[in-house]
There are 2 protein chains.
Amino acid sequence: MNNADLRKAGLKVTLPRLKVLEIFEKNPSQHLSAEDIYKALLGAHSDVGLATVYRVLTQFEAAGLISRHNFIGGQSVYELCAEEHHDHIICVKCNAVEEFTDAMIEKRQEEVAKTMGYEIVDHALNIYGICQTCRK
Amino acid sequence: MNNADLRKAGLKVTLPRLKVLEIFEKNPSQHLSAEDIYKALLGAHSDVGLATVYRVLTQFEAAGLISRHNFIGGQSVYELCAEEHHDHIICVKCNAVEEFTDAMIEKRQEEVAKTMGYEIVDHALNIYGICQTCRK
DNA sequence: CTAGTTGCAAATCATTTGCACTTGC
DNA sequence: GCAAGTGCAAATGATTTGCAACTAG
């Protein structure tokens, strides 16, 4: 099934690409940086260069397999594309990331974009806050 | 008045800081990168180092005078803090940035955060799209 | 076979930092 | 005068790229 996804994207089915997909599938609902993935691969005794990880991530994003987020703080993080769009709430203390969806917010965004004459390509709503555990 | 703002933030009133504020005031409703500001200063024959621009921007952000945004694409951009919060819609073709506010979206965000046990620190809603002129 | 991929090392880009010098208060 | 601020150049961290070796189809 992964093989098919890759081919559909016009990408050869290679070991590094499969390994990266595997990492994402083993860590569902996580937001991984290129570095995270690189380390996970090393830990799994899969020798993939960091440069390759970056290349693969870029290709996967272009293919719509994963999505990239630029939260505050240096590096980008990636996650497997879910069926439906969702937004993020990030704890500024512990960097935990949780997801949520809100139909009303989605609808309003569409309306705003239309009113302003834009054709939506993507959208990102990030709430930065302090989570329950960090507030204790 | 700028002088007062700076002093209130515990910052000495220095030439570079005033110059940077000036740039922001001369370019209202713009979203400037550190590089943009640096170039603008050079153009105005004000010799301020790029490192200083970065330092000043960081301090201004900490002081709440300006806000920083991480849109897609390399560098961060800054703008003078408006009285009220607003969100952004960015054209992925021409990089134009427009602002908007939507009370309903704001309210829903508060509710979502509360439900999930977060105390909001900040939030950013970015819609990426193609603007009217770029679609022609 | 051969175009697409990879790994490595070197390059790039945005941003930060160390340090000797300068300037506001 | 002295702590705070500055400029420059060198350091950093994330990501990209050149290139020769490799591999999937």
Side-chain angles (χ1 to χ4, degrees), chain A residues 2-23 31-42 44-63 65-78 95, chain B residues 2-23 31-63 65-79 95:
Chain A
N2 280 338
N3 295 27
D5 288 333
L6 290 177
R7 264 191 269 271
K8 193 165 20 159
L11 299 170
K12 280 188 184 171
V13 179
T14 64
L15 221 59
R17 302 215 248 244
L18 288 173
K19 291 285 183 192
V20 171
L21 277 184
E22 210 174 286
I23 296 292
H31 296 76
L32 305 166
S33 67
E35 194 77 32
D36 290 338
I37 292 167
Y38 176 62
K39 289 202 205 105
L41 289 170
L42 287 189
H45 307 298
S46 309
D47 273 329
V48 176
L50 181 54
T52 301
V53 171
Y54 275 105
R55 276 187 286 235
V56 167
L57 289 173
T58 307
Q59 295 159 339
F60 284 6
E61 194 201 359
L65 292 173
I66 61 177
S67 56
R68 174 185 186 153
H69 306 289
N70 297 293
F71 300 143
I72 45 185
Q75 59 216 76
S76 299
V77 293
Y78 301 81
N95 278 313
Chain B
N2 281 338
N3 294 28
D5 288 333
L6 290 178
R7 264 191 269 271
K8 194 165 17 155
L11 299 170
K12 279 188 184 171
V13 179
T14 65
L15 220 58
R17 300 212 246 243
L18 288 174
K19 292 285 183 191
V20 171
L21 277 184
E22 211 173 285
I23 296 292
H31 297 75
L32 306 166
S33 66
E35 195 77 31
D36 290 338
I37 293 167
Y38 177 62
K39 288 202 205 105
L41 289 170
L42 287 189
H45 307 296
S46 310
D47 273 330
V48 176
L50 181 54
T52 301
V53 171
Y54 275 105
R55 274 186 288 235
V56 167
L57 289 173
T58 307
Q59 295 158 341
F60 284 5
E61 194 201 358
L65 292 172
I66 61 178
S67 55
R68 173 184 188 154
H69 306 289
N70 297 293
F71 300 143
I72 46 184
Q75 59 216 80
S76 299
V77 294
Y78 302 80
E79 65 178 330
N95 278 314

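All values derive from a computational prediction rather than experimental measurement. What's counted below: heavy atoms across the whole structure, side chains too, no hydrogens, waters or symmetry copies.
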**Item:** Length of the line joining A/Lys12:NZ and D/dA24:P, which is rounded to integer Å
**Value:** 9 Å
**Prompt:** Below 4.0 angstrom from OP1 or OP2 of D/dA24, is there any side-chain N or O of A/Arg7?
**Reply:** no
**Prompt:** Could you state the NE2-C1' distance from A/His69 to D/dT15, rounded to the nearest angstrom?
**Reply:** 18 Å
**Complete:** B/Glu22 meets the salt bridge (Lys or Arg N to Asp or Glu O under 4.0 Å) criterion, sequence neighbours left out, with B/Lys26
**Asked** Roughly how many Å is it from CG in A/Leu57 to P in D/dT16, rounded to a whole number?
**Response** 10 Å
**Message:** Once ring pair (Phe, Tyr, Trp, His ring centres under 6.0 Å) is applied, do any residues pair with A/Phe71, and if so which ones, sequence neighbours excluded?
**Reply:** A/His69, A/His88
**Asked** Who pairs with A/Ala34 by side chain to side chain contact (heavy atoms under 4.5 Å, CB included), at least two apart in sequence or on another chain?
**Response** A/Val53, A/Tyr54, A/Leu57
**Message:** My understanding is that only residues two or more places apart in sequence, or in another chain, count here; which of them pass side chain to side chain contact (heavy atoms under 4.5 Å, CB included) with A/Glu35?
**Reply:** A/Ser33, A/Tyr38, A/Lys39, A/Leu50, A/Gln75
**Prompt:** Could you write nucleotides 8-17 of chain C as a row of B, S and -, 5' to 3', where a protein heavy atom under 4.0 Å of any base atom gives B, of only sugar-phosphate atoms gives S, and otherwise -?
**Reply:** BB----SBBB
**Request:** Would you give the length of the straight line joining atom CG of A/Leu42 to atom CD1 of A/Ile37, rounded to the nearest 0.5 angstrom?
**Result:** 12.0 Å
**Complete:** Across all chains, not counting sequence neighbours, the side-chain hydrogen bond (donor to acceptor under 3.5 Å, both in side chains) partners of A/Ser76 are A/Arg68, A/Asn70
**Item:** Rounded to 10 degrees, the angle between the two terminal axes of the helix from C/dC1-D/dG25 to C/dA14-D/dT12, each from five pairs
**Value:** 30°
**Asked** Tell me: CG of A/Asp47 to C1' of D/dC22, nearest whole Å?
**Response** 15 Å
**Fill in**
What residues 14-23 of chain A contributes to the DNA chain C interface at heavy-atom separation below 4.0 Å is A/Thr14, A/Pro16, A/Arg17
**Asked** Rounded to the nearest Å, what distance is computed from the CG atom of residue A/Leu6 to the P atom of nucleotide C/dG4?
**Response** 16 Å
Pairs under 3.5 angstrom only: tabulate donor-acceptor contacts from the side chains of residues 3-12 of chain A to other protein residues two or more places apart or in another chain.
none

**Asked** Taking only residues two or more places apart in sequence, or in another chain, which ones meet B/Thr52 in a side-chain hydrogen bond (donor to acceptor under 3.5 Å, both in side chains)?
**Response** none
